[in-house]
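Here the structure is laid out as structure tokens; the discussion comes afterwards.
Note that ligands are numbered from 1 as they come in the structure, with each ligand's atoms numbered from 1 the same way.
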Amino acid sequence: MRLLATLLLYVLILPASFAQHHSGQAAIASAHPLATEAGFEVLQQGGNAFDAAIAVSAALAVVEPAGSGLGGGGFWLLHREADKKQVMLDSRETAPSKAHRDMYLDKNGDVVRDLSLNGPLAAAIPGTPAALDYLSQHYGKLPLSVTLAPAIRYAREGFAVTPRYQRYMGFRQQALNPEAKAIFLDGDNIPVLGTRIVQQDLAKTLEAIAQKGRDAFYQGEIAKQMVKSVQAAGGIWTEQDLAAYQLKIRQPVKTQIADYTMTTAALPSAGGQLITLMFNQLNTLDYWQADAQQKRHWLIEVMRRAYRERTMHLGDDDFVEVPEYLIDPEYAAQIAKDIAPDTASKSEALSDEFTNKGQDTTHFSIVDQNGNRVSATLSINYPFGSGFVAGNTGVLLNDEMDDFSALSGSPNAYQLVSESANEIEPGKRPLSSMTPTFVENDQRLLVLGTPGGGRIITMVMQGILHFIEGQDAAGIVAAPRLHHQYLPDKVQLETPGFSEADQLDLKRRGHQLEVLNRQFGNMQVIVADKKTGLLSAASDPRGEGLARTDIIIND
Ligand code: GLY
């Protein structure tokens, strides 16, 4: 019955996409000005949004090494305007063939968190190079030698150290291996502002990919070099693991929200499932008519309930069975039934511990002059990943293995708990929160996403709500954010962001507040007016990114 209802929802309500007028304008929002410029450089050379996505992601791999890179993975939501095709490229990292469920436990059965976070045992098999190659072969117009050229130039010429670089390096400095130190530090010290970080080895690796595509990374000299250095430092990668890496093409999750269609990340991201579950709950409440304080209460309650489902049920659905009812409106109505209009629920009464402290990962949004779009969230997990640069390849490896459940019910670095659905198995992808998203009707389009660990999903949810309520791109990225993830039973609030009156209102309803002395997220947004084709773009004021639009004359 539930399955039937879900299928009907897909078939009857959800159009594939909507016609859009094009103004000749293109827009790119990314976490670093040089990455945004790399995208425009490629568009000016006759490239499309997919070529620009290759250029932006490769540039980010060089100039924002804390967030993503060739040693990582991610999800790429694509819309091709000519045939309205929408897919999600899943370049999530996979567990090596020698990985096993208990690999991060000591003899007492306790998790040794250092092993899943720092050094090569923490690294899963990267997917980003496979995605670059696939995008170029199947969607782009230009060869990799053109689209990777800006990144290669940045790697050779260097980029300037910023406050954000210093902050993240301060957090991860102790994890770096000698190869990483030689690139990212000045001796043993964090480089001063403006110091140029030059990456000659990474430039050579990018050049090899530009010449030979994915095989240059997954086979041959670079693969051998990476495996040798990983094994020498206690890691378990094999050459066969690299050669066997497979990019997956997924159908995105599609959901109707008010009179908009949301297209978003499928498993192994929890994003599409949880945002759908949250909106389906809101639809059973009096959300759209409520005032701002009431809305905040409803939102926290639906977050609480959605994250509880994440803990219990979600994992890589190529390996485990994930219940289809999670995105069924009928199920959402059931779990929302006990939400009281004025009083906070108790998470323990719903029924395990988790919260999320970090920022990691990167996101960029692109719409080109012909209406093609890319919304991509890419990661190496923790800032600067595992801190391990593999031999002389210049490739900084991820620590995405920490996104698995090292021990059922035990929180990971972001204090996210998961259970057997997300336990480690060879070849499996760790459950993610990355949620690149499109939201549209025949009037307006939103392209968005953000980094931020376990908070990604609730940030994207709030971005969508602000869009539906009429905010523009700048308003959406600037809006204050809150977060609840079931356990611990606390609402995290950004500072600045919520007035005394707003905090008092939440307390009066029984919510426990954790007022953070900081902000979170680095959202990159594009909004299109479909009637005029005009685009506006905004980069989160919390970050150091750049959003801009420009007229592109080609074709
Ligand atoms: N590594 C962060 C995520 O995938 O959610």
Whether [Y] and [X] form a salt bridge (side-chain N of Lys/Arg under 4.0 Å from carboxylate O of Asp/Glu) is what I want to check.
X: R304; Y: E309; result: no
X: R429; Y: D318; result: no
X: R481; Y: D540; result: yes
X: R113; Y: D399; result: no
X: E423; Y: K428; result: no

Inset, instruction - Please indicate whether any nitrogen or oxygen in T361 is less than 3.5 Å from any nitrogen or oxygen in ligand 1. - result: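 N/O-N/O distance below 3.5 Å does not exist for this pair.
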Legend entry - Proximity flag G453 to ligand 1, non-hydrogen atoms under 4.0 Å: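 Flag not set, G453 not near ligand 1.
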Relative to the heavy atoms of [X], which atoms of ligand 1 are at a distance of less than 4.0 Å?
X: N381; value: 1 (N), 2 (C)
X: D403; value: 1 (N), 2 (C), 3 (C), 4 (O), 5 (O)
X: S379; value: 1 (N)
X: E400; value: 1 (N), 2 (C), 4 (O)
X: S433; value: 3 (C), 4 (O), 5 (O)

Inset, instruction - For ligand 1, indicate whether the residue R92 contacts it via side chain, backbone, both or neither (heavy-atom separation under 4.0 Å). - result: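 Near ligand 1, R92 shows its side chain, while the N, CA, C and O stay back.
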Inset, instruction - Pick one of side chain, backbone, both or neither for how S432 approaches ligand 1, counting any non-hydrogen atom pair under 4.0 Å. - result: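 Both of them.
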Inset, instruction - Look at the aromatic rings of Y139 and Y134 and report parallel, tilted or perpendicular, splitting at 30° and 60°. - result: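 Geometry flag for Y134 against Y139: tilted rings.
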Legend entry - Between T362 and E64: side-chain donor-acceptor atoms closer than 3.5 Å: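 On atom types as modelled, these side chains qualify, holding a pair under 3.5 Å.
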